[in-house]
2 protein chains.
Amino acid sequence: MSRDNTNKRNYLTSQRQAVLDVIREAGEHLTAQEIFDRVRAKMPRLAYGTVYNALRHLKESGLVRELKFGDAASRYDAKVERHDHVVCVRCGAMMDYEVSGIESLVKEAARRTKFTILDAHVEFKGVCPRCR
Amino acid sequence: MSRDNTNKRNYLTSQRQAVLDVIREAGEHLTAQEIFDRVRAKMPRLAYGTVYNALRHLKESGLVRELKFGDAASRYDAKVERHDHVVCVRCGAMMDYEVSGIESLVKEAARRTKFTILDAHVEFKGVCPRCR
DNA sequence: AGTGAATTTAGACTTAGTATAAATTTCATC
DNA sequence: GATGAAATTTATACTAAGTCTAAATTCACT
């Protein structure tokens with residue numbers, strides 16, 4: 001019996017597809033370790049490095065977005081449109097959020113700093129209703 | 001000859017003071033490693049862990065602020081008031097910045113998410129004038 | 001079937017940061 | 001001044017996230 005002969009060379013290998021599926025199916029933002037564990041449940045030979053390879057590829061293809069927060073490992077998100085986050089400092093819960101009027105903030109920052117602004121991210125820290 | 005007998009127990013030991021001095025004198029946001037190197041130049045027996053201990057203490061005392069950015073190690077800032085940052089994706093240069101009207105963004109986030117918002121940080125990514 | 005390019009695998013390695021036990025320092029009291 | 005408790009520093013071992021590399025595998029194409 002030959003190995004699952006899904007496509008290579010088209011750059012969306014079975015491993016990368018599996019990583020993408022896991023991220024899309026997750027209701028939360030997973031870490032690389034969590035992704036590794038879940039994909040590995042279906043592909044026991046999966047190497048740890050392959051997950052990072054897949055994540056880099058998927059990021060470059062614009063299929064996932066990497067979220068970097070305070071203390072912990074990067075998390076990965078299938079929602080690729082620009083958006084912001086609210087994080088609970090007690091329990092760590094994280095909520096997607098979108099500030100209104102980001103465009104004017106970006107324009108003002110560009111004008112005042114002379115940078116070409118490519119992206120903006122707002123992170124609110126606070127206490128969620130359940131922890132309060 | 002006894003060792004430099006600066007104060008302990010008042011919680012601002014000579015090591016912590018040295019760490020704070022280095023952060024205040026730096027024109028940039030230093031990593032723990034950079035702080036360690038600079039303080040160690042004056043205190044050769046300084047232990048790596050002591051820098052982290054000092055940084056934690058100084059954070060808790062509100063004397064320094066920890067900045068966590070994308071890829072790299074935490075950086076430490078003697079400017080403790082809330083402020084934002086603009087980062088160059090090419091050379092890594094980082095500029096302090098302050099968005100206008102953060103208060104209304106915070107209020108809106110509190111209203112819409114039901115979180116008690118304690119802090120907000122805006123990070124712009126872009127290309128600095130020199131890299132462009 | 002054979003070749004070349006990209007990918008996966010397995011595992012070593014790097015870096016940032018934490019944990020711990022022993023030694024040191026200080027404060028407070030005698 | 002000597003003593004003892006509490007906190008800190010030192011030195012070092014350890015953990016966790018992520019990168020690197022060499023060999024094996026897979027695939028596209030002839």
Side-chain angles (χ1 to χ4, degrees), chain A residues 1-23 29-61 63-64 66-76 92, chain B residues 1-23 29-61 63-64 66-76 92:
Chain A
M1 172 170 54
S2 75
R3 189 85 79 79
D4 180 24
N5 60 345
T6 38
N7 36 6
K8 282 277 164 79
R9 203 50 160 287
N10 64 357
Y11 300 114
L12 193 56
T13 62
S14 58
Q15 288 89 345
R16 291 173 183 175
Q17 183 66 59
V19 166
L20 181 56
D21 290 346
V22 162
I23 295 171
H29 305 315
L30 302 178
T31 63
Q33 178 69 57
E34 290 165 342
I35 294 165
F36 173 75
D37 291 343
R38 296 190 189 191
V39 178
R40 181 122 171 170
K42 294 179 188 172
M43 304 176 79
R45 311 288 314 270
L46 180 79
Y48 198 76
T50 301
V51 171
Y52 279 98
N53 179 32
L55 290 170
R56 182 168 38 73
H57 176 81
L58 293 169
K59 268 191 292 177
E60 287 169 7
S61 309
L63 293 169
V64 307
E66 184 178 10
L67 305 174
K68 303 194 178 188
F69 285 99
D71 303 36
S74 283
R75 296 180 169 276
Y76 295 87
Chain B
M1 175 170 54
S2 77
R3 190 88 79 81
D4 180 23
N5 60 345
T6 38
N7 35 6
K8 281 278 163 78
R9 202 48 161 289
N10 65 357
Y11 300 113
L12 192 57
T13 63
S14 58
Q15 290 88 345
R16 291 173 183 176
Q17 183 66 60
V19 166
L20 180 57
D21 290 346
V22 161
I23 295 172
H29 304 314
L30 302 178
T31 63
Q33 178 70 56
E34 290 164 342
I35 294 165
F36 173 74
D37 292 342
R38 297 190 189 192
V39 178
R40 180 122 172 168
K42 295 178 187 172
M43 304 175 79
R45 312 287 313 270
L46 180 79
Y48 198 77
T50 302
V51 171
Y52 279 99
N53 181 31
L55 290 170
R56 181 169 38 73
H57 175 81
L58 293 169
K59 267 191 293 178
E60 287 169 7
S61 309
L63 293 169
V64 307
E66 183 177 11
L67 306 173
K68 303 196 179 189
F69 285 99
D71 303 36
S74 283
R75 296 180 171 275
Y76 295 86

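The sequence lines fix the lettering, A, B, ..., with proteins before strands; numbering per chain opens at 1.
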message: Just N and O in the side chain of B/Thr13: are any of them under 4.0 Å from OP1 or OP2 of C/dT26?
response: no
Trace of the side-chain contact (heavy atoms from CB on, under 4.5 Å) decision for B/Ser14 with B/Met43: CA-CA 10 Å; B/Ser14 58; B/Met43 304 175 79; 3.9 Å; yes
Produce the list of close N/O pairs, under 3.5 Å, pairing protein atoms with atoms of nucleotides 11-15 of chain D; give distances to one decimal.
residue, atom, partner, partner atom, Å
D/dA11, OP1, B/Arg45, NE, 3.1
D/dA11, OP1, B/Arg45, NH2, 2.4
D/dA11, OP2, B/Arg45, O, 3.1

- request: Starting at atom CG of A/Leu55, determine the distance to atom C1' of C/dT7, rounded to an integer number of angstrom.
  value: 15 Å
query: With sugar-phosphate meaning primed atoms plus P, OP1 and OP2, does B/Thr31 contact a base, only sugar-phosphate, or nothing at under 4.0 Å between heavy atoms?
result: nothing
query: CG of A/Leu12 versus P of D/dC27: gap in Å, rounded?
result: 13 Å
task: Ignoring backbone atoms, establish whether B/Gln33 has a side-chain N or O less than 4.0 Å from OP1 or OP2 of C/dG17.
output: no
statement: To the nearest angstrom, the CG-P distance between A/Asn53 and C/dT9 comes to 10 Å
message: For C/dT8 and A/Arg16 - does any side-chain N or O of the residue sit under 4.0 Å from the phosphate oxygens OP1/OP2?
response: yes
- line: Residues B/Val64 and B/Leu55: closest non-hydrogen pair is CG2-O, 4.3 Å
query: Between atom CD1 in B/Ile35 and atom C1' in C/dA16, what is the gap in whole Å?
result: 13 Å
statement: Result for 5'-nearest mapping on DNA chain D, choosing between B/Ala54 and A/Glu66, is B/Ala54
query: Has B/Tyr52 got a side-chain N or O lying under 4.0 Å from the OP1 or OP2 atom of C/dG17?
result: yes
query: Is any side-chain nitrogen or oxygen of A/Gln15 closer than 4.0 Å to OP1 or OP2 of C/dT9?
result: yes
query: Who passes side-chain contact (heavy atoms from CB on, under 4.5 Å) against A/Glu66, sequence neighbours left out?
result: A/Lys59, A/Lys68, A/Ser74, A/Tyr76
field: Distance-minimising heavy-atom pair for B/Ala32 and B/Val51
entry: O-CG1, 4.0 Å
- request: Provide the closest heavy-atom pair for A/Arg45 versus A/Arg40 in the form atom of the first, atom of the second, distance.
  value: C-NH1, 4.5 Å
task: Apply the test side-chain contact (heavy atoms from CB on, under 4.5 Å) to residues B/His57 and B/Val19: give CA-CA distance (whole Å), side-chain angles for both, the deciding distance (0.1 Å), then the verdict.
output: CA-CA 11 Å; B/His57 175 81; B/Val19 166; over 6 Å; no
message: Rounding to an integer number of Å, can you tell me how far B/Phe36 CZ sits from C/dT15 P?
response: 15 Å
message: Using the side-chain contact (heavy atoms from CB on, under 4.5 Å) criterion, which residues pair with B/Asp37? Sequence neighbours excluded.
response: B/Gln33
Whole-Å distance separating the NE2 atom of B/His57 from the P atom of C/dT18: 17 Å
- request: Nearest whole angstrom, please: distance from the C1' of C/dT8 to the CE of A/Met43.
  value: 9 Å
query: With respect to the side chain of B/Thr50, which nucleotide from C/dT7, D/dT9, D/dT19 is positioned closest?
result: D/dT9
query: Just how far, in rounded Å, is P of C/dT15 from CD of B/Glu34?
result: 14 Å
